[in-house]
Amino acid sequence: MLRSDTDMAQSRKTAVRLDKIGVSAALLLFGALAFLPFATAKANRIVPGVANSFTASLPSGTGAVLLAILVAFAVLGAVRLGPTLRVGVALAGLVTLLLAIGIAPGVLAAPENPYARVSPASGFWMALCGFALLFTDALTRLRPGPVLRLVLLAAILFVIGALLATGHFDGLSMMREYAVRAGTFWSEGARHLALAFGSMAVSVALGVPFAVLAWRMEALRAPALAVLNVVQTVPSIALFGLLIVPLGWVALHVPGASALGIRGIGAAPALVALVLYSLLPVVANTLAGLAAVPDAARDAATGLGMTRRQRLLGVELPLALPVILAGIRIVLVQNIGLATVAALIGGGGFGVFVFQGLGQNATDLVLLGALPTVALAFASATVLDAAIDFASISPKGTAS
């Protein structure tokens with residue numbers, strides 16, 4: 001009996017331990033690869049396509065090898081591994097999946113048909129979500145510092161950029177849409193960046209000083225936050241539309257306004273709307289950051305003979321900076337997404353491709369505008385998260 005108990009205890013120690021989130025991701029991957037189409041082949045960009053499984057989308061030998069690799073990564077993800085190893089497994093799975101979808105056009109697109117299109121299907125996107133779930137879960141457990149997060153972001157962007165530079169994805173429908181519109185893509189991308197980052201800069205330049213004023217004048221806080229909350233509840237399309245009339249009037253009646261680009265449609269109402277949406281997070285977070293400054297720090301600054309201005313610039317704002325940066329992060333990610341809607345009033349940006357694709361029933365044209373927007377928001381959020389962590393650390397390495 002003693003030996004039996006010892007053997008049972010040993011077997012428990014050596015038994016494979018499963019991870020709940022990893023099992024969920026593995027089931028998602030198995031379902032995506034086994035039951036959902038991996039790629040869709042179309043005779044042209046508009047007609048309905050023919051769905052193909054993973055093995056049917058790739059050369060027989062290559063497909064079997066890549067499928068075995070993906071299944072192995074899914075099994076490893078289901079096992080309770082160290083967070084560093086899980087990050088490696090997830091990233092390797094993502095790269096394998098990207099390699100596989102880039103090979104599919106060479107198999108599914110008829111060479112004699114220059115209009116043939118091949119697009120990722122639901123199985124690819126579900127498998128991508130599965131590996132992304134593994135990656136984010138492992139990253140959460142790893143708790144990387146700001147430097148490591150930036151390194152991982154750079155590595156991911158490098159791998160994707162290298163695959164794009166090699167032409168591995170050129171056969172996919174989305175990249176063929178890009179090839180036709182390359183010049184327009186970069187010009188609209190620059191306009192999207194200008195709207196998102198420009199509105200953020202203006203909102204910070206206006207919101208932080210206003211928040212400092214509202215902090216010193218308590219009677220101003222509640223009314224100001226109430227007005228900004230009302231602005232935040234107005235739907236984006238409605239706010240863009242409401243600004244057309246007053247800005248059109250300004251363009252007609254104010255000398256030089258039209259020459260400066262102020263018109264009823266275009267970038268001007270889009271920029272104004274984005275700034276209005278951005279003021280609440282900036283003002284609210286600045287007030288919250290100032291409120292969180294310890295009274296002892298203020299008393300010490302006063303005891304050192306600092307004026308109110310010196311105390312604000314040298315003590316209060318630096319201590320409130322992490323909270324202020326959190327508000328700026330919200331603003332930037334929000335505005336990157338909202339700038340897409342600006343295309344409806346001639347503001348440009350990646351939304352041009354989104355709405356063109358919706359009008360033409362061309363999903364890949366929609367993706368040409370949507371995927372860069374998502375990637376830009378993700379990269380911006382990661383960089384600002386790292387900046388918040390850096391701002392939260394004192395020169396001696398202890399949290400402020």
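Here the structure is a predicted model, which means the values were calculated and not measured.
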Would you call Asp170 and Arg176 a salt bridge, taking side-chain N to carboxylate O under 4.0 Å as the test?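 Salt bridge between Asp170 and Arg176, a charged N being under 4.0 Å from a carboxylate O: no.
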
Might you work through the side chain to side chain contact (heavy atoms under 4.5 Å, CB included) test for Phe390 and Leu325, ending with a clear yes or no? CA-CA 11 Å; Phe390 282 126; Leu325 286 176; over 6 Å; no

Before giving the answer on side chain to side chain donor-acceptor pair (under 3.5 Å), spell out for Glu177 and Gln356 the whole-Å C-alpha distance, their side-chain angles and the decisive distance to 0.1 Å. CA-CA 12 Å; Glu177 297 284 359; Gln356 282 181 1; over 6 Å; no

Looking only at non-hydrogen atoms, find the nearest pair between [X] and [Y] and report the distance.
{"X": "Pro281", "Y": "Gln232", "answer": "CD-OE1, 4.4 Å"}
{"X": "Leu134", "Y": "Gly77", "answer": "CD2-O, 3.8 Å"}
{"X": "Ala211", "Y": "Val283", "answer": "CB-O, 3.8 Å"}
{"X": "Arg17", "Y": "Arg80", "answer": "NH2-NH1, 2.6 Å"}
{"X": "Arg221", "Y": "Trp215", "answer": "NH2-O, 2.7 Å"}
{"X": "Ala379", "Y": "Leu153", "answer": "O-CD2, 3.9 Å"}

Determine yes or no for a side-chain-to-main-chain donor-acceptor pair under 3.5 angstrom, with [X] supplying the side chain and [Y] the backbone.
{"X": "Arg117", "Y": "Leu172", "value": "no"}
{"X": "Ser380", "Y": "Ala377", "value": "no"}
{"X": "Thr62", "Y": "Pro59", "value": "no"}
{"X": "Tyr277", "Y": "Val234", "value": "yes"}
{"X": "Asp137", "Y": "Leu133", "value": "no"}

Taking the side chain as every heavy atom from C-beta outward, state whether [X] and [Y] have any atom pair closer than 4.5 Å.
{"X": "Leu98", "Y": "Val159", "answer": "no"}
{"X": "Asn285", "Y": "Ile324", "answer": "no"}
{"X": "Val204", "Y": "Ile328", "answer": "yes"}
{"X": "Leu163", "Y": "Leu99", "answer": "yes"}
{"X": "Asn52", "Y": "Pro37", "answer": "no"}
{"X": "Val50", "Y": "Leu108", "answer": "no"}
{"X": "Leu33", "Y": "Phe124", "answer": "no"}
{"X": "Arg216", "Y": "Arg308", "answer": "yes"}

With clusters defined by side-chain heavy atoms of hydrophobic residues (ILVMFWY) lying less than 4.5 Å apart, directly or transitively, does [Y] cluster with [X]?
{"X": "Met174", "Y": "Trp125", "answer": "yes"}
{"X": "Phe197", "Y": "Leu206", "answer": "yes"}
{"X": "Leu367", "Y": "Leu164", "answer": "yes"}
{"X": "Val323", "Y": "Val282", "answer": "no"}
{"X": "Val75", "Y": "Phe35", "answer": "no"}

Stepwise, does the side chain to side chain contact (heavy atoms under 4.5 Å, CB included) test hold for Leu384 with Val333? CA-CA 10 Å; Leu384 281 175; Val333 174; over 6 Å; no

Output, in order, the C-alpha distance, side-chain angles, deciding distance and verdict of side chain to side chain contact (heavy atoms under 4.5 Å, CB included) for Thr307 and Leu312. CA-CA 8 Å; Thr307 64; Leu312 174 68; over 6 Å; no

Would you compute the distance between atom [atom1] of [X] and atom [atom2] of [Y] and round it to the nearest 0.5 angstrom?
{"X": "Thr382", "Y": "Leu152", "atom1": "OG1", "atom2": "CG", "result": "9.5 Å"}
{"X": "Leu368", "Y": "Thr363", "atom1": "CG", "atom2": "OG1", "result": "12.5 Å"}
{"X": "Leu94", "Y": "Phe135", "atom1": "CG", "atom2": "CZ", "result": "8.0 Å"}
{"X": "Leu344", "Y": "Phe355", "atom1": "CG", "atom2": "CZ", "result": "3.5 Å"}
{"X": "Ser203", "Y": "Leu271", "atom1": "OG", "atom2": "CG", "result": "9.5 Å"}
{"X": "Glu316", "Y": "Arg309", "atom1": "CD", "atom2": "CZ", "result": "13.0 Å"}

Identified side chain to side chain contact (heavy atoms under 4.5 Å, CB included) counterpart of Leu332 within the set Asn335, Ile336, Ile330: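 By the side chain to side chain contact (heavy atoms under 4.5 Å, CB included) criterion, Leu332 pairs with just one of Asn335, Ile336, Ile330: Ile336.
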
Test salt bridge (Lys or Arg N to Asp or Glu O under 4.0 Å) applied to Arg141 and Asp19, step by step: CA-CA 12 Å; Arg141 299 182 188 188; Asp19 182 84; 2.6 Å; yes

Test ring-ring contact (aromatic ring centres under 6.0 Å, His included) applied to Phe73 - qualifying residues, sequence neighbours left out: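 Here no residue qualifies.
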
With under 30° as parallel and over 60° as perpendicular, where do the rings of Phe350 and His192 fit, or are they tilted in between?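 The rings of Phe350 and His192 sit tilted, inter-plane angle from 30° to 60°.
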
Verdict with supporting geometry, Asp364 and Ser119, side chain to side chain donor-acceptor pair (under 3.5 Å): CA-CA 7 Å; Asp364 295 293; Ser119 306; 2.7 Å; yes

Verdict with reasoning, Ser57 to Phe38, per side chain to side chain contact (heavy atoms under 4.5 Å, CB included): CA-CA 7 Å; Ser57 302; Phe38 185 71; 4.1 Å; yes

Take Arg329 and Asp385 through the salt bridge (Lys or Arg N to Asp or Glu O under 4.0 Å) test and state the conclusion after the steps. CA-CA 8 Å; Arg329 177 190 180 278; Asp385 279 339; 2.7 Å; yes

